[in-house]
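In what follows, chains are A, B, ... by sequence order, proteins preceding strands, each numbered from 1. Scope of the values below: all heavy atoms of this structure, side chains included, with no hydrogens, waters or symmetry mates.
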Protein chains: 2
Amino acid sequence: MSSSALSSQKEIRILIADDHPVVREGLVTILALQKDLKVVGQARDGEEACLLYDQLSPDVLILDLRMPKKDGQQVVSELMSREPRPRIIVLTNSAKAEDLRRSLTAGAKGYLLKGAEPRQVWETIREVFAGKSSLPHDIAAQLAESMAQPQLSQRELQVLRQMAFGKSNKEIAQILYISEHTVKNHVKVIFKKLNAIGRTEAMAIATQRGLIDSGAC
Amino acid sequence: MSSSALSSQKEIRILIADDHPVVREGLVTILALQKDLKVVGQARDGEEACLLYDQLSPDVLILDLRMPKKDGQQVVSELMSREPRPRIIVLTNSAKAEDLRRSLTAGAKGYLLKGAEPRQVWETIREVFAGKSSLPHDIAAQLAESMAQPQLSQRELQVLRQMAFGKSNKEIAQILYISEHTVKNHVKVIFKKLNAIGRTEAMAIATQRGLIDSGAC
DNA sequence: CACAAACCGATCCTTTCGGATAGCTCTTAC
DNA sequence: GTAAGAGCTATCCGAAAGGATCGGTTTGTG
């Protein structure tokens, strides 16, 4: 029940960045239960997160992906240039493989769902603080699955987004300054990568995977 | 800064139902700041919510839409048969008009986003407890917009879901035991209602509106 | 260097879409 | 009772879609 003996001499200084007041309060409450964990600051958006990070130099940053002004991905990318390397845990309610993949490639060390149990939160923080990467089992499984699936290239994503607006191949060709034949080729590859039989199913899969700008969620 | 004088003699007994521990803790912490609000129980899923509601008879139930075992909509529908009529506030992170609409038609009296400020949460609880319906301004605006847009009929939704699997009109016809011509007609109506120019765009719009079973979010 | 992958372009051919238009039941609401 | 809307069926027809197959450049990696 009690925590491990990992460098328990110093307390771990934590910065929370989340635009939901309820979640911030919940995290503070949960983390306050462990005496080696100390919340030293809270940010309401991405900009504030960067500012406070530089001011406070926390040991661990817990970050939501969807935030106003500057989203989680950007914050991770921006902070990764700092020395020493920040230890960042992404805490979000999106179980989408795409978000997970992007977060990790951007440099995040941990990924937690908002449905996580308190103990899981504590342990992840301690592991990341200790320099390890930490992914809950269920999340790790998704990552493996995600990595197995081929990713769309930038160009293919552009085509996909135009498809989402109902554009025809010819229209997409004009928009992207390429031949309609090329568009058809891209579309074909998209189908294969998404394992879809037509553009309609491709759209359904893409939006559910988070490949399309879905705005609110 | 202080609250209104609305029947402040008794404290308002509140039941929380949310599968996210972090959110539950956050709510408890926030509600504890107001002495007229008292959390009398917490449920982790839909079934527990119904059970605890009957045991505790809270004044107000705060409910998440997405929960294991029994989702929020079902809980609202089920509890509405109770006497006296339960006062239910839906608290979710989905700003989707569809969720909002379904919740209200099911009988919920309030709708809050997880991004809501503490004061907004307090006020909504008090208003709903007083028998009023309460919708934040931004949410209400969305509702108006949603209501203005035509809804899809059951049959049209069935067609739409088959489209999501990439089925052709002919295939959908076979599946639903109707003529391909009929399917085409339904599809045409769907386009008009969703304001889409083709099935691809229709899919994009439908998934973003939550018309398609999106499972995890 | 060689190989893979992204990106670009093309042809042929069949199937499917989707618009315009029309008529038929059945149920619900005014 | 009649008007409205859901659900069903139908024909014509041009425009897309998409499968199969081919070949080209450029860039980056082993």
*Verify the contact: side-chain N or O of Asn169(A) to OP1 or OP2 of dA17(D), cut-off strictly under 4.0 Å; return yes or no.*
yes
_Looking at His186(B), I'd like to know whether one of its side-chain N or O atoms comes within less than 4.0 Å of OP1 or OP2 on dG7(D)._
no
Separation of [N] [atom2] from [X] [atom1] (nearest whole Å):
X: Glu156(A); N: dA5(C); atom1: CD; atom2: P; value: 12 Å
X: Lys188(A); N: dC8(C); atom1: NZ; atom2: P; value: 15 Å
X: Lys192(A); N: dA5(C); atom1: NZ; atom2: C1'; value: 13 Å
X: His181(B); N: dC12(D); atom1: NE2; atom2: C1'; value: 11 Å
X: Gln154(B); N: dG5(D); atom1: CD; atom2: C1'; value: 15 Å
X: Glu180(B); N: dC17(C); atom1: CD; atom2: P; value: 7 Å
X: Ile178(A); N: dA10(C); atom1: CD1; atom2: P; value: 11 Å
X: Phe191(A); N: dT16(C); atom1: CZ; atom2: C1'; value: 13 Å

*Can you find an N or O donor on one side and an acceptor on the other, under 3.5 Å apart, linking the side chain of Asn185(A) with the base of dG9(C)?*
yes
*Please evaluate the base of dG18(C) for a donor-acceptor partner in the side chain of Lys184(B) within a cut-off of under 3.5 Å?*
yes
Using a 4.0 Å heavy-atom cut-off, does [X] contact any base of the nucleic acid, only the sugar-phosphate backbone, or nothing at all?
X: Leu176(A); answer: nothing
X: Lys170(A); answer: sugar-phosphate
X: Thr182(B); answer: base
X: Ser179(A); answer: sugar-phosphate

Salt bridge check: are [X] and [Y] linked by an N-O gap of less than 4.0 Å?
X: Glu123(A); Y: Arg126(A); value: no
X: Asp71(A); Y: Arg102(A); value: no
X: Asp18(B); Y: Lys114(A); value: no

*State which residue, out of Val60(B), Asp59(B), Leu37(B), fulfils the side-chain contact (heavy atoms from CB on, under 4.5 Å) condition with Arg13(B).*
Asp59(B)
Of all the nucleotides listed ([options]), which has the minimum atom distance to the side chain of [X]?
X: Arg199(B); options: dG19(C), dG7(D), dC17(C); result: dC17(C)
X: Val187(B); options: dA6(D), dG18(C), dG19(C); result: dG18(C)
X: Ser168(B); options: dG7(D), dA17(D), dT16(C); result: dT16(C)

*Grab the two heavy atoms, one from Val128(A) and one from Lys109(A), that are nearest each other, plus how far apart they are.*
CG1-CB, 3.9 Å
